[in-house]
> 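One structure follows; several queries about it will come next.
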Amino acid sequence: MERKLSPATIVLYVVLGILVILYLMPAYMALVTALKSPAEISLPTAWEWPSVINWSSFSEALDLLKPNLVNSLILTVCATALSTVLGSLNGYVFSKWTFRGSEIIFTLFLFGMFIPYQVILIPLFQTLRAMNLYGGLPGLILAHVVYGLPITSLIFRNFYAQIPTALIESARLDGAGFFSIYTRVVFPLSIPGFVVTSLWQFTQIWNEFLWGITLTRHSENPITVGLAQLAGGQAVSWNLPMAGSILAAIPVLLIYVFLGRYFIRGLLAGSVKG
Amino acid sequence: MAKVELKSVVKRFGDVRVVHGIDLEIADNEFIVLVGPSGCGKSTILRMVAGLESISDGEIYIGDRCVNEVDPKSRNVAMVFQNYALYPHMTVHDNMGFSLDMAKRPQKEINEKVRKAASMLELEPYLDRKPEALSGGQRQRVAMGRAIVRQPDVFLFDEPLSNLDAQLRTQMRMELKKLHMKFSTTTIYVTHDQIEAMTLADRIVILKDGLIQQVGTPVEVYEKPANVFVAQFIGNPPMNILEGTVARDQGRLGVRTKRSFFPLQEDRKNLWEGQKVLFGLRPDAIKIGDSLNRIPPEWRCTAQVELTEILGGQSLLDLVVDDEISLIAEVEGRVQMQAGSSVEVGFCFDRVVLFDPETEEALSSVAQLEGTAEGTTPERDIAHKKEIEVHTN
Ligand SMILES: Nc1ncnc2c1ncn2[C@@H]1O[C@H](COP(=O)(O)OP(=O)(O)O)[C@@H](O)[C@H]1O
Ligand SMILES: [Mg+2]
């Protein structure tokens with residue numbers, strides 16, 4: 001089908017093109033810098049493609065960041081799984097088992113979403129220390145689970161709002177109780193909700209820096225902290241942190257590639273009737 | 001198998017009372033239809049019986065057990081929802097077997113019962129499909145199959161046919177009736193459609209604004225409506241309601257309109273001369289042509305034809321009597337008449353219902369009950385039903 005390009009379309013595409021370039025610029029810089037040998041990196045030639053492609057920065061960065069990567073994987077997987085499952089149960093209660101005052105409790109719950117990480121840093125630090133969880137991964141996991149609950153509960157509550165209440169009522173009459181309705185009816189219908197929520201949580205927790213650096217001792221530092229340390233020395237060879245950030249981005253990237261279509265579907269689930 | 005009894009049942013949502021003290025006794029095996037306009041509280045009553053809504057006041061009994069505090073799953077009732085509420089991720093087989101699975105019945109028994117129900121409902125070819133791969137009518141059957149498989153004490157239906165197109169609705173209505181004849185399980189059926197109520201019910205409960213207006217067999221509510229609301233809600237087209245005055249002419253008590261006088265079949269002691277009344281005539285109680293022979297001359301008059309509509313076997317006539325009273329008549333055969341032409345009509349005044357114009361309640365409907373209903377509409381055989389007490393408030 002042939003179509004004339006209207007001026008508006010052309011303008012739109014030009015604007016979009018500029019935005020794409022703008023967004024891809026840092027990624028390009030990171031890639032070319034990571035592929036250069038340390039000697040070749042200098043400000044005047046920063047934009048140029050490397051004369052010789054040097055892959056060794058990646059293996060070197062991987063060696064340096066390996067403990068942090070492992071920490072981050074444990075942290076992110078555990079915290080994501082826990083906050084998602086708990087959020088799903090919360091959403092189930094707040095949407096299908098409402099009780100007197102549940103709306104108020106839910107609203108209070110949502111306030112948690114608007115509290116910035118920094119604000120609760122000191123009380124969080126004191127709480128974790130009182131609980132004997134300061135310095136290790138379990139403490140950080142707990143912090144992320146609690147902090148993630150408002151958003152995961154909200155996503156699931158809205159998701160479950162689309163499940164007709166008659167379905168729950170029908171299951172109740174069929175003899176199912178609170179948990180069997182969850183496991184047999186609600187959970188199987190909420191896979192898209194789980195994808196959306198765990199993607200969100202995974203990204204948030206994986207990329208979080210402040211709590212990582214303040215709440216864990218050196219050996220337990222997550223990847224974001226490891227990266228910062230790689231870039232924080234006196235004479236930085238920029239190829240290493242660049243290679244490191246590309247490595248650190250891979251898990252999140254992979255998850256989006258594999259689960260992205262569910263993500264879109266899940267986000268659209270509210271607006272498009274299945 | 002169980003009787004169901006509602007005793008002064010009240011439902012409040014917050015401060016708003018939507019059901020105002022319902023008393024109703026439903027006999028074992030009875031098919032009861034709750035009918036009324038949208039928002040009158042039908043679903044709420046049904047959901048209180050199911051246990052999905054709490055009972056604000058009063059008591060509900062299933063069998064001999066007061067179920068006010070009983071969990072829905074322990075009431076042994078099955079419900080078919082308006083939108084079917086099938087589990088979308090389960091096959092037809094699993095949908096139908098879910099309740100048995102929850103009751104921890106052995107797999108073999110579940111399969112057997114599901115197959116039996118499926119063959120009865122002609123669902124066997126679809127047992128492995130998901131609900132989304134079924135047509136509306138098939139989904140409806142699955143919903144019924146799910147209820148049947150459980151062999152509950154009571155079936156509850158909440159407008160189960162309203163999502164189907166007209167043709168399928170008629171077909172499913174008949175199947176429902178057959179199923180009830182087969183299982184004879186106590187059934188409470190909610191609908192806003194008076195045709196469903198008339199065709200399915202052993203007894204109809206007509207509701208308005210959370211109050212029972214009348215309880216009776218389809219023939220009773222059709223011929224002897226308790227008030228103007230019932231008269232106009234049941235029957236399509238609705239009962240003609242006309243104004244008149246009680247008078248005596250040549251010794252006979254009757255109703256006088258502007259220019260005519262129609263004597264009543266018998267004297268009634270609760271009427272006095274000069275009393276204003278509303279009188280109701282069913283469209284099929286108005287005759288023309290050959291059927292006039294059966295109507296005595298004093299119940300005839302002349303009417304102007306405004307419009308004729310042919311429905312197939314019957315015709316609807318918009319008539320005007322005394323130049324001012326509009327009536328709808330439903331007559332046999334295909335009648336074609338010029339608008340404005342005159343026609344002689346006869347009223348089956350033995351079927352007339354008188355109402356008080358103030359309260360809109362029927363006058364002496366109790367005394368009339370013995371009278372005349374027989375013969376005009378096919379009477380249902382309700383002799384096998386137990387004696388049923390009805391309280392209306
Ligand atoms: N959960 C509820 N909260 C508040 N009001 C309700 C609720 N459910 C029903 N109602 C009200 O109760 C009345 C009866 O509703 P319903 O039983 O659904 O009517 P019907 O089924 O006869 O159409 C309506 O006025 C409706 O607005
Ligand atoms: Mg309803």
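Proteins get letters first, then strands, A, B, ... in listed order; numbering begins at 1 in each. Just so you know, these numbers come straight off a predicted model, no measurement behind them.
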> Crowded around A:F258 CZ? As in, over 12 foreign heavy atoms under 6.0 Å?
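Open: at most 12 neighbouring heavy atoms sit under 6.0 Å from CZ of A:F258.
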> Around B:E69, counting heavy atoms of other residues, nucleotides and ligands shown, do more than 12 lie under 6.0 Å from its CD?
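It does not: B:E69 CD has 12 such atoms or fewer within range.
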> Does B:E122, at its CD atom, have more than 12 non-hydrogen atoms belonging to other residues, nucleotides or ligands within less than 6.0 Å?
no
> Do the side chains of A:R184 and B:Y87 get nearer than 4.5 Å, heavy atoms only?
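Heavy-atom side-chain distance check fails, nothing below 4.5 Å.
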> Evaluate the side-chain proximity of B:F81 to A:L173: yes if any heavy-atom separation is below 4.5 Å, no if none is.
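Yes. Closest side-chain heavy atoms under 4.5 Å.
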> Take a 6.0 Å sphere around CZ of B:R115 and say whether it holds more than 12 heavy atoms from other residues, nucleotides or ligands.
no
> Taking the side chain as every heavy atom from C-beta outward, state whether A:S170 and B:R146 have any pair of such atoms under 4.5 Å apart.
yes
> In Å and rounded to the nearest 0.5 Å, what is the CE to CG distance from B:M96 to A:D174?
12.0 Å
> Below 4.5 Å from any heavy atom of chain A, which atoms of B:R75 appear? Answer side chain, backbone, both or neither.
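Answer is neither: B:R75 stays 4.5 Å or more from chain A.
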> State, with a plain yes or no, whether a side-chain heavy atom of A:E169 is found less than 4.5 Å away from one of B:R47.
yes
> Which bit of A:S180 is near chain B, if near means a heavy-atom gap under 4.5 Å: side chain, backbone, both or neither?
side chain
> Would you mind telling me which of B:L156, B:D101, B:L100 has the largest number of heavy-atom pairs within less than 4.5 Å of chain A?
B:D101
> Looking at A:Y117, I'd like to know if its OH atom is crowded, meaning that more than 12 non-hydrogen atoms belonging to other residues, nucleotides or ligands lie closer than 6.0 Å.
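Yes - once you tally the heavy atoms of other residues, nucleotides and ligands closer than 6.0 Å, there are more than 12.
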> Side chain, backbone, both or neither: which part of B:D158 has a non-hydrogen atom closer than 4.5 Å to chain A?
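When you check distances to chain A, no heavy atom of B:D158 falls under 4.5 Å.
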> Please check if atom CG in B:D165 has more than 12 non-hydrogen atoms from other residues, nucleotides or ligands closer than 6.0 Å.
yes
> Which heavy atom of A:R172 sits nearest a heavy atom of B:P72, and at what distance?
NH2-CG, 3.4 Å
> Quick one: which of B:P88, B:A103, B:A147, B:A50 has the most heavy-atom pairs under 4.5 Å with chain A, could you say?
B:P88
> Does any backbone or side-chain atom of A:L189 lie under 4.5 Å from a heavy atom of chain B? Answer side chain, backbone, both or neither.
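Answer is side chain: those atoms of A:L189 sit under 4.5 Å from chain B.
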> Considering residues, nucleotides and ligands other than A:I104, do more than 12 of their heavy atoms fall under 6.0 Å from its CD1?
no
> Of the non-hydrogen atoms in A:P188 and B:H89, which two are nearest, and what is the gap between them?
CB-CD2, 3.4 Å
